[in-house]
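Read the structure below first, then the notes.
Numbers restart at 1 for each chain; the letters A, B, ... are given by sequence-line order, proteins then strands.
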Number of protein chains: 2
Amino acid sequence: MGCVTTALRTARPARKDALENREAILAAAGVVFRADPEASLDAVATQAGLSRRSIYGHFASRDELLAELLVRGGARISAALAGVHDPDPRIHLALVGAALWTEVQQVRVLAQLAIHGPLEKTVADALAPVRASVRHAVAGGIAAGFFRADVPEPSLARLIEDAAIAVLDEAVRSELSEAEGRRLVMAVGLSVAGLSWQDAAAVIDALPADPPQRPTNDKDPR
Amino acid sequence: MGCVTTALRTARPARKDALENREAILAAAGVVFRADPEASLDAVATQAGLSRRSIYGHFASRDELLAELLVRGGARISAALAGVHDPDPRIHLALVGAALWTEVQQVRVLAQLAIHGPLEKTVADALAPVRASVRHAVAGGIAAGFFRADVPEPSLARLIEDAAIAVLDEAVRSELSEAEGRRLVMAVGLSVAGLSWQDAAAVIDALPADPPQRPTNDKDPR
DNA sequence: ATTAAGTTGCACGGTGGTGTGCAAGTTAGT
DNA sequence: ACTAACTTGCACACCACCGTGCAACTTAAT
């Protein structure tokens with residue numbers, strides 16, 4: 001084993017490929033756990049092209065690996081959401097949806113893991129920014145008369161979140177294109193919020209149009 | 001052990017309390033698996049007030065118990081859906097939602113189990129009637145111009161199903177009243193279908209009004 | 001070329017679940 | 001009261017997984 005975790009400034013600092021492997025494990029965990037949140041570390045190791053044993057050279061336990069995965073996912077989502085602000089709650093909500101779409105994989109991992117275990121708190125923390133943003137939009141939208149008035153605000157916020165997750169699943173299932181998925185997330189979010197599908201479409205079409213915000217994909221191999 | 005499964009017409013037919021216990025096990029399984037689809041048989045036995053060992057007097061294996069549970073749930077749902085027909089796709093969809101609401105528990109068990117394992121087919125079969133009914137309404141609604149035209153029909157059907165599940169979850173989480181839950185399922189289903197929330201409300205309010213269809217609750221202790 | 005970092009395979013102990021056999025008990029039905 | 005149906009508890013074998021120790025190997029960096 002190595003001094004991966006305890007990389008004190010002694011003899012030699014670390015090794016390049018070790019970090020790569022660490023990333024490979026995290027990437028593999030993303031893939032595997034997305035398909036089955038209860039998959040074994042063996043499955044993760046195989047997917048990463050490593051041995052189960054060597055995972056323990058990078059993570060002390062299964063839960064630690066999970067936690068790292070969640071924290072990273074949360075960070076990406078927060079980053080994607082950071083620039084999203086709009087005075088119009090409808091637009092705000094649509095933009096949140098679009099931002100989520102760019103992080104589908106992350107969102108789905110989190111959503112999968114959200115169900116069981118002692119990771120709940122970690123998951124909750126990771127998703128907190130999304131929740132806050134959605135709630136803000138919902139409150140404003142209801143107040144402005146844009147959104148439905150027949151559902152209490154907290155419930156509506158949760159319903160929109162759940163609907164967004166469902167759309168994300170459906171988008172992956174149907175292998176929608178980037179553009180279609182993006183549009184669908186926004187459209188269904190607004191629909192659940194109470195808009196007619198035509199109104200939702202109008203909101204989306206009037207968007208500042210920054211759609212193809214993907215520089216080939218980040219260098220981040222996740 | 002006993003001749004519970006192989007009740008040939010020999011010496012003595014069966015025993016009353018044995019059947020009761022069988023039902024108790026199924027009821028317990030419903031409760032336990034609803035909370036955690038991967039719970040152990042020990043948990044089920046405890047909930048049923050029996051020993052783990054005796055479960056095997058009624059069911060050959062865990063999967064067999066699960067299967068029985070799913071088949072029953074499917075049967076109840078089918079029954080609840082049997083009388084639901086309306087020429088107006090909007091009303092039809094709303095009524096399907098209302099019917100589902102009366103069977104929340106069953107639906108949620110099925111939805112929970114729908115994820116993993118070799119039970120998928122069983123689950124799919126159990127839910128087939130719902131799927132068919134929803135698809136029928138969706139196709140008609142799109143054709144009539146009531147529902148959204150920006151999502152392919154099969155996807156829209158699945159999205160509505162998923163949204164309904166989410167509403168069911170939310171309703172249980174928020175401990176909505178019978179009436180509120182019933183209304184919410186219908187309203188959100190129609191919203192996802194494309195109606196504005198006011199239109200959805202109008203459809204619901206114009207319903208033939210058979211709401212309190214609960215004679216104290218069936219004698220079925222599930 | 002040397003050396004420490006990292007990987008691998010194997011063996012192990014521990015945990016928690018399933019499914020079964022059996023002997024002893026309890027209880028419903030005759 | 002008798003008997004078969006049923007339940008129970010305990011024991012067991014089996015399996016899948018986690019986490020660890022260790023010795024042998026491969027390889028990045030000096």
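Between I55(B) atom CD1 and dG9(D) atom C1' there is a gap of 15 Å when expressed in whole angstrom units. We find that CG of D63(A) is positioned 16 Å from P of dC17(D), with the value rounded to whole Å. When the P atom of dG6(C) is taken as reference, atom NZ of K16(A) falls 13 Å away, rounded to whole Å. The CD-C1' distance, from E20(A) to dA29(D), rounds to 14 Å in whole Å. Residue R62(B) contributes atom CZ, which lies 15 Å from atom P of dA16(D) at whole-angstrom precision. For Y56(B) and dA5(D), the OH to P distance is 23 Å, given to the nearest whole Å. The distance between atom CG of L19(A) and atom C1' of dA28(D), rounded to the nearest whole Å, is 12 Å. Distance CZ (R52(B)) to P (dC6(D)): 20 Å, rounded to an integer number of Å.
A sub-4.0 Å separation between OP1 or OP2 of dT8(D) and a side-chain N or O of S51(B) is present. Within the 4.0 Å cut-off from OP1 or OP2 of dT8(D), at least one side-chain nitrogen or oxygen of S54(B) is found. OP1 and OP2 of dC6(D) both lie 4.0 Å or more from every side-chain N or O belonging to H58(B).
Between N21(A) and S40(B), the one whose closest nucleotide on DNA chain C sits nearer the 5' end is N21(A).
The residues R183(B) and E180(B) are annotated as not salt-bridged, no charged nitrogen and carboxylate oxygen being separated by less than 4.0 angstrom.
Exactly one of L65(B), T46(B), V32(B), I25(B) qualifies for a side-chain contact (heavy atoms from CB on, under 4.5 Å) with L41(B). That residue is L65(B). For the side-chain contact (heavy atoms from CB on, under 4.5 Å) with I55(A), the qualifying choice from D42(A), L50(A), N21(A), V44(A) is V44(A), the only one to do so. E103(A) pairs with exactly one of R72(A), R76(A), R182(A) by the salt bridge (Lys or Arg N to Asp or Glu O under 4.0 Å) rule, that one being R76(A).
Taking 3.5 Å as the limit, the base of dG21(D) and the side chain of R53(A) contain a donor-acceptor pair of atoms between them.
Within the nucleic acid shown, R15(B) comes within 4.0 Å of at least one base atom, counting heavy atoms only.
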Verify salt bridge (Lys or Arg N to Asp or Glu O under 4.0 Å) between R158(A) and D162(A), making sure each step is shown before the conclusion. CA-CA 6 Å; R158(A) 275 190 294 250; D162(A) 290 348; over 6 Å; no
